[in-house]
Amino acid sequence: MSSFTLSLPLTVQPHHRSSSASSPASPSQLKQLHAHLLKAGIPLSSAVSLSDVASLCGVSDAASFSYARSLFRHCYSSTTPELILWNSCLNALSSFSPSDALLLFSRLRFADILPDTFTCSFTLKACSRTSSLSLGMAVHALIEKLGFQVDVFLLNTLLHMYCRCESMIDARRMFETMPLRDVVTWNILITQYTKLGVMEIARELFEVMPERSVRSWTALIAGYVQCGQPKEAIQLFQEMENAGCQPNEVTVVAVLAACADLGALDLGERLCKYAESCGFLKNVRVCNTLIDMYIKCGCVDIARNVFDGMTERTVVSWSAMIGGHAMHGQGEEALELFAKMDETGIRPNSVTFVGLLHACSHMGLLDEGRRFFTSMIEDYGLVPEIEHYGCMVDLLSRAGLLEEAHEFIRKMPVEPNGVVWGALLGGARVHKDIKMGEEAIKHLVKLDPSNDGYYVVLSNIYADAGHFDAAAQVRRLMRDQGVKKTPGWSTITINNVTHEFVAGESKHPQTEEIYKKWDELLHEMKLRGYVPDSSVVLLDMDEAEKEHVLYRHSEKLAVVFGLMNTPPGTTIKIMKNLRVCSDCHVALKLISEITDRQIVVRDRNRFHSFKNGTCSCRDYW
DNA sequence: TTAGGGTTAG
């Protein structure tokens, strides 16, 4: 079999199907194959790939279909009913070329071949994948006409088709009138509501369904994660465990993703052990999510160990790891890894380049960044997306090329968003360029009027330049626009308990001790040259009050709490909802030096790892 | 030979 397949002028290999499908084998090619087989004395029925060949050419035109049909009759009519062959073609096509499957179905109908439940099922799958609602409805009518509506399996496929075509009224009507439902029926509907972001209805259905499978739990957990509700996902996972339902690989992926979002390292590690004990680490997707979880929980080295230990890697594995190094300020590692990826022959995608460009901008590698940007277009045929433009503006702005960055924005073929103008604003702050800061804020106020972060930066630019009146004007603008400052919070997890600190808060039972410890540290910090930078406080108050506010920033409180409640020498890990302010950045550098502790802070953009008085971000963030 | 849940950026 293999020897003749290799020597054939026309070979159809499964992994080349998509390209073959776009230019189907012509009848003449098929005739060549036919002749070749006859000449070699190989019986046609031994050509296993014949059904593939027929499915590829059978749909290209009516003549090919007739020819394929005659081939089928010639080879198989005595042993296998013709319909089974067509069903297997339909099955194959519905996966790799659904539009051809639909064409094949219409040829079958035209040729008066009577469909069975399998034919309908495969065709509906093709309808789902191509969102062909009208054809799906025609198949529905056919199912009724042929009396197949007692087949739960088929009805589930039909329900899935209505869901995938986002025809929820039909889906719901169908669900309500189904004579028989099974757990799959409920799972299909629940999944669709999670995809539509209507978690309340998904949850309601989940609560009332008569029986639940692992897939029911997993569908809802994954739904919560996708809808940005990781806490609910983890809560449900705990319910699932209490109910005695064993998580599978997909459950593990979903819960790990929730851990990544929340920085819940303890649960993440527990899942890692569980996955290992079940043999799930052979699954690439499990490992990819595990890498992401470790990266987002601040353990980039462990993530790298997982990555290095993988026997099979996909573009997602590489992209996650490259992006992870970038996020942790390890630009060299990111670039080295990309070089290795190139050697393996795995093609980078647009996400890979987001990570690479981040690495370049964090390290100030201007030329490399420009090269990557050009290379992604010219060498890899990728179309830059808004994220790539954002990275480039960031890269240019940080390097002080603000005019060029501005020009770059004006020439962008896509509409600049808040991230893009925010990058220019960030550059304007670093390079103290009031004009460019004003230009950026002009757009940001329109795009994202409720985000207070931009006003803070602009006010800092003015204050830096000694324009205190202008800074005050920004505060007035903020007030007039009704912008509320997002309350900053930081969390630290010690012994499975997460402690949350809100700026200025005094609710924590250890508040007095925390303030006392802070005063001790402050004394030592001032001896080492710390001068509080009250320009980050945008409130109308005197200097002493501003300093007081500054000293109650949530990340400072969380770090001090960590110092008091963890053994000497251990790393302190903090999560923060906003970007670290510049005063806290200076303070944490000094604290890491004074206490000889590593402090890792995950802010809304990236990681800062403070050690021996320096930060992994090299003061660019 | 048919149906349902999963990963990287933002």
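When reading the values below, keep in mind they use all heavy atoms of this one structure, side chains included, and skip hydrogens, waters and symmetry mates. If you're wondering where the values come from, they're calculated on a predicted model, not measured in any experiment. Letters A, B, ... mirror the listed sequences (proteins, then strands); counts begin at 1.
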Among [options], the one nearest [X] by side-chain distance:
| X | options | answer |
| --- | --- | --- |
| A/Val419 | B/dT1, B/dT8, B/dG10 | B/dG10 |
| A/His358 | B/dG10, B/dG4, B/dT8 | B/dG10 |
| A/Ser121 | B/dG5, B/dG10, B/dT2 | B/dT2 |
| A/Phe153 | B/dG4, B/dT7, B/dT2 | B/dT2 |
| A/Val214 | B/dG6, B/dG5, B/dT7 | B/dG5 |
| A/Val354 | B/dA9, B/dA3, B/dG6 | B/dA9 |
| A/Val184 | B/dA9, B/dT8, B/dA3 | B/dA3 |
| A/Phe122 | B/dG4, B/dT7, B/dT2 | B/dT2 |
| A/Asn156 | B/dT1, B/dA3, B/dG5 | B/dA3 |
| A/Thr157 | B/dG5, B/dA3, B/dT8 | B/dA3 |

Using whole Å, report how far [atom1] of [X] lies from [atom2] of [N].
| X | N | atom1 | atom2 | value |
| --- | --- | --- | --- | --- |
| A/Asn283 | B/dT8 | CG | P | 14 Å |
| A/Arg285 | B/dG5 | CZ | P | 11 Å |
| A/Phe105 | B/dT1 | CZ | P | 21 Å |
| A/Asp116 | B/dT1 | CG | C1' | 9 Å |
| A/Leu159 | B/dT2 | CG | C1' | 15 Å |
| A/Arg129 | B/dT2 | CZ | P | 14 Å |
| A/Ile322 | B/dT8 | CD1 | C1' | 10 Å |
| A/Glu385 | B/dA9 | CD | C1' | 9 Å |

Under 4.0 Å between any heavy atoms, over every strand shown, what does [X] touch: base, sugar-phosphate, or nothing? Just pick one.
| X | answer |
| --- | --- |
| A/Ala254 | nothing |
| A/Asn87 | base |
| A/Val152 | nothing |

Output yes when at least one side-chain N/O atom of [X] is less than 4.0 Å from OP1 or OP2 of [N], else no.
| X | N | result |
| --- | --- | --- |
| A/His160 | B/dA3 | no |
| A/Lys296 | B/dA9 | yes |
| A/Gln192 | B/dG5 | no |

Quiz prompt | Test ring pair (Phe, Tyr, Trp, His ring centres under 6.0 Å) applied to A/Phe148 and A/Phe153, step by step | solution = CA-CA 10 Å; A/Phe148 294 158; A/Phe153 215 108; over 10 Å; no
Quiz item: Just by distance, do the side chain of A/Arg129 and the backbone of A/Ser95 share a donor-acceptor pair under 3.5 Å?
Solution: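 Present.
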Quiz item: Got a donor-acceptor contact below 3.5 angstrom from the A/Ser167 side chain to the A/Cys163 backbone?
Solution: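 Side chain of A/Ser167 to backbone of A/Cys163, a donor-acceptor pair under 3.5 Å: no, none is there.
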Practice problem: Take A/Arg172 and A/Glu176 through the salt bridge (Lys or Arg N to Asp or Glu O under 4.0 Å) test and state the conclusion after the steps. | Solution: CA-CA 6 Å; A/Arg172 206 55 209 241; A/Glu176 303 298 346; 3.1 Å; yes
Exercise. Fit a plane to each ring of A/Phe175 and A/Trp186, take the angle between them on a 0 to 90° scale, and name the class: parallel (under 30°), tilted (30 to 60°) or perpendicular (over 60°).
Key: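 Rings of A/Phe175 and A/Trp186: perpendicular, over 60°.
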Quiz item: Would you call the rings of A/His362 and A/His358 parallel, tilted or perpendicular, where under 30° means parallel and over 60° means perpendicular?
Solution: parallel
If you take atom types as modelled and just measure distance, does the side chain of [X] reach the base of [N] with a donor-acceptor pair under 3.5 Å?
| X | N | result |
| --- | --- | --- |
| A/Ser213 | B/dG4 | yes |
| A/Asn288 | B/dG6 | no |
| A/Asn91 | B/dT1 | no |
| A/Ser319 | B/dT8 | yes |

Practice problem: Identify whether NZ of Lys or CZ of Arg in A/Arg347 sits under 6.0 Å from the centre of the six-membered ring of A/Tyr380 and within 45° of that ring's axis. | Solution: no
